[in-house]
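Heads up: numbering here begins at 1 and tracks the sequence.
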Amino acid sequence: MKKLVFFGIVLMLLAFTAKITVASELKDSDKANKVSVLKFEFDDYGSDEEWQSIPMSEAGEHVLGESIAKKFCLVQKLYVSRIPVGPGNPGMRTFIRKPYIYNSLRKLDNYFKKSVRKNTCSKDEALRIINHVLDVVIAIPSHDTMAFEKALKDSKSIESKVELYKNTILNTL
């Protein structure tokens, strides 16, 4: 009798875990579909003068050109700060503001650099996409971006991140 009850409980647990697995797989596929549908809108207060005033000696070089290098330098200034660890310690602690946005930009940059080198993507297409992504990233450090960051976190592939940035509209003021 005990074996029968134990066997029944095990079967119920197996059936329950199978339902949970199927439900989680459905949720994951729903997330992937939602990322491509999401649209975001942010105000852009105009930062053209800011990145254009950066000297090339400070910006460095970039595969996609001078303007992209200057924009990356500005992103570095906006999102990364270094503070001393403590008195007497020469080390510095790095804080990244809005890490999902910053890290997605770095992933996209690496992806498009490799794509241009391997000729899987044209330089003009990569320049157009990275330029828009940089414009978005430069425009939003002071905005409430919780939903945008969550969408970036949920998007696992490069293509879904690109679609998310493409679906982001900047309202110039």
Side-chain angles (χ1 to χ4, degrees), residues 20-52 54 58-82 93-173:
I20 290 174
T21 305
V22 170
S24 68
E25 288 174 3
L26 288 174
K27 286 180 184 176
D28 289 343
S29 66
D30 287 346
K31 283 181 183 177
N33 292 336
K34 284 182 184 176
V35 168
S36 63
V37 174
L38 292 175
K39 293 190 185 265
F40 293 95
E41 204 169 315
F42 297 107
D43 293 334
D44 182 14
Y45 298 104
S47 57
D48 288 344
E49 299 82 25
E50 214 171 333
W51 67 264
Q52 289 174 349
I54 296 174
E58 187 179 334
E61 292 183 11
H62 196 277
V63 174
L64 298 176
E66 181 180 312
S67 64
I68 300 298
K70 288 182 176 185
K71 286 183 180 184
F72 267 107
C73 184
L74 180 59
V75 166
Q76 191 74 14
K77 288 179 181 180
L78 291 172
Y79 284 86
V80 179
S81 61
R82 301 182 197 289
R93 181 173 290 155
T94 303
F95 284 104
I96 297 176
R97 189 175 172 191
K98 303 185 186 235
Y100 291 115
I101 294 171
Y102 182 77
N103 292 333
S104 72
L105 172 66
R106 290 181 50 127
K107 286 180 184 178
L108 289 173
D109 180 44
N110 289 334
Y111 173 77
F112 283 111
K113 279 181 184 176
K114 288 178 185 177
S115 296
V116 167
R117 284 189 193 125
K118 294 179 181 179
N119 291 326
T120 57
C121 178
S122 71
K123 188 174 180 177
D124 294 333
E125 180 70 15
L127 180 64
R128 186 182 59 76
I129 293 170
I130 286 293
N131 198 29
H132 178 69
V133 170
L134 281 167
D135 288 342
V136 170
V137 170
I138 289 170
I140 63 175
S142 60
H143 289 77
D144 178 24
T145 56
M146 293 292 286
F148 185 67
E149 289 180 68
K150 184 173 180 349
L152 280 173
K153 181 182 176 184
D154 292 342
S155 64
K156 301 296 180 196
S157 68
I158 294 291
E159 291 80 16
S160 61
K161 290 181 191 309
V162 168
E163 281 301 313
L164 192 62
Y165 278 107
K166 279 184 182 178
N167 292 335
T168 303
I169 300 167
L170 292 177
N171 298 325
T172 53
L173 300 175

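Note that the OG atom of Ser142 and the CZ atom of Phe42 stand 10.5 Å from one another [nearest 0.5 Å]. Annotation: the span from Asp43 atom CG to Ile169 atom CD1 amounts to 12.0 Å, rounded to 0.5 Å. A distance of 5.5 Å separates CG in Leu134 from CD1 in Ile68, rounded to the nearest 0.5 Å.
Scanning for salt bridge (Lys or Arg N to Asp or Glu O under 4.0 Å) contacts around Lys114 gives an empty result, with sequence neighbours left out. Annotation: side-chain hydrogen bond (donor to acceptor under 3.5 Å, both in side chains) contacts of Arg117 (sequence neighbours excluded): none. Checked against side-chain hydrogen bond (donor to acceptor under 3.5 Å, both in side chains), Asp144 has no partners two or more places apart in sequence or in another chain. Checked against side-chain contact (heavy atoms from CB on, under 4.5 Å), Ser81 has the following partners two or more places apart in sequence or in another chain: Phe95. The side-chain hydrogen bond (donor to acceptor under 3.5 Å, both in side chains) search around Thr172 returns none, not counting sequence neighbours. Residues forming a ring-ring contact (aromatic ring centres under 6.0 Å, His included) with His132 (at least two apart in sequence, or on another chain): none. Residues passing the side-chain contact (heavy atoms from CB on, under 4.5 Å) test with Leu108, sequence neighbours excluded: Phe112, Ile130, Val133, Ile158, Lys161, Val162, Tyr165. Residues that satisfy the side-chain contact (heavy atoms from CB on, under 4.5 Å) test with Leu78, not counting sequence neighbours, are Leu74, Ile138, Pro141. The ring-ring contact (aromatic ring centres under 6.0 Å, His included) test applied to Tyr102 returns no partner, not counting sequence neighbours.
Between the side chain of Tyr79 and the backbone N or O of Val137, at least one donor-acceptor pair lies under 3.5 Å. Using modelled atom types, one side-chain atom of Asn167 and one backbone atom of Glu163 make a donor-acceptor pair closer than 3.5 Å. With His62 contributing its side chain and Leu64 its backbone, the two residues share a donor-acceptor pair below 3.5 Å.
Closest heavy-atom contact between Ser122 and Val116: O-CG2, 4.3 Å. Scanning both residues, Ala59 and Cys73, for their nearest heavy atoms gives CA-CB, 4.0 Å. Shown here for Cys121 and Ala126, the closest heavy-atom pair between the two residues is SG-N, 3.9 Å.
When side chains are defined from C-beta on, Thr145 does not count as touching Phe40, because their heavy atoms never get closer than 4.5 Å. Side-chain contact check for Phe148 versus Leu164: some heavy-atom pair is nearer than 4.5 Å.
Within the structure, salt bridge (charged side-chain N to carboxylate O under 4.0 Å, His left out) pairs that include any residue of residues 122-133 comprise Glu125-Arg128 (at least two apart or interchain). Applying the salt bridge (charged side-chain N to carboxylate O under 4.0 Å, His left out) test to pairs two or more places apart or on separate chains, those with a residue in residues 97-110 are Asp109-Lys113. Applying the salt bridge (charged side-chain N to carboxylate O under 4.0 Å, His left out) test to every pair with at least one member in residues 58-71, sequence neighbours left out, gives these pairs: Glu58-Lys77, Glu66-Lys70, Lys71-Asp135.
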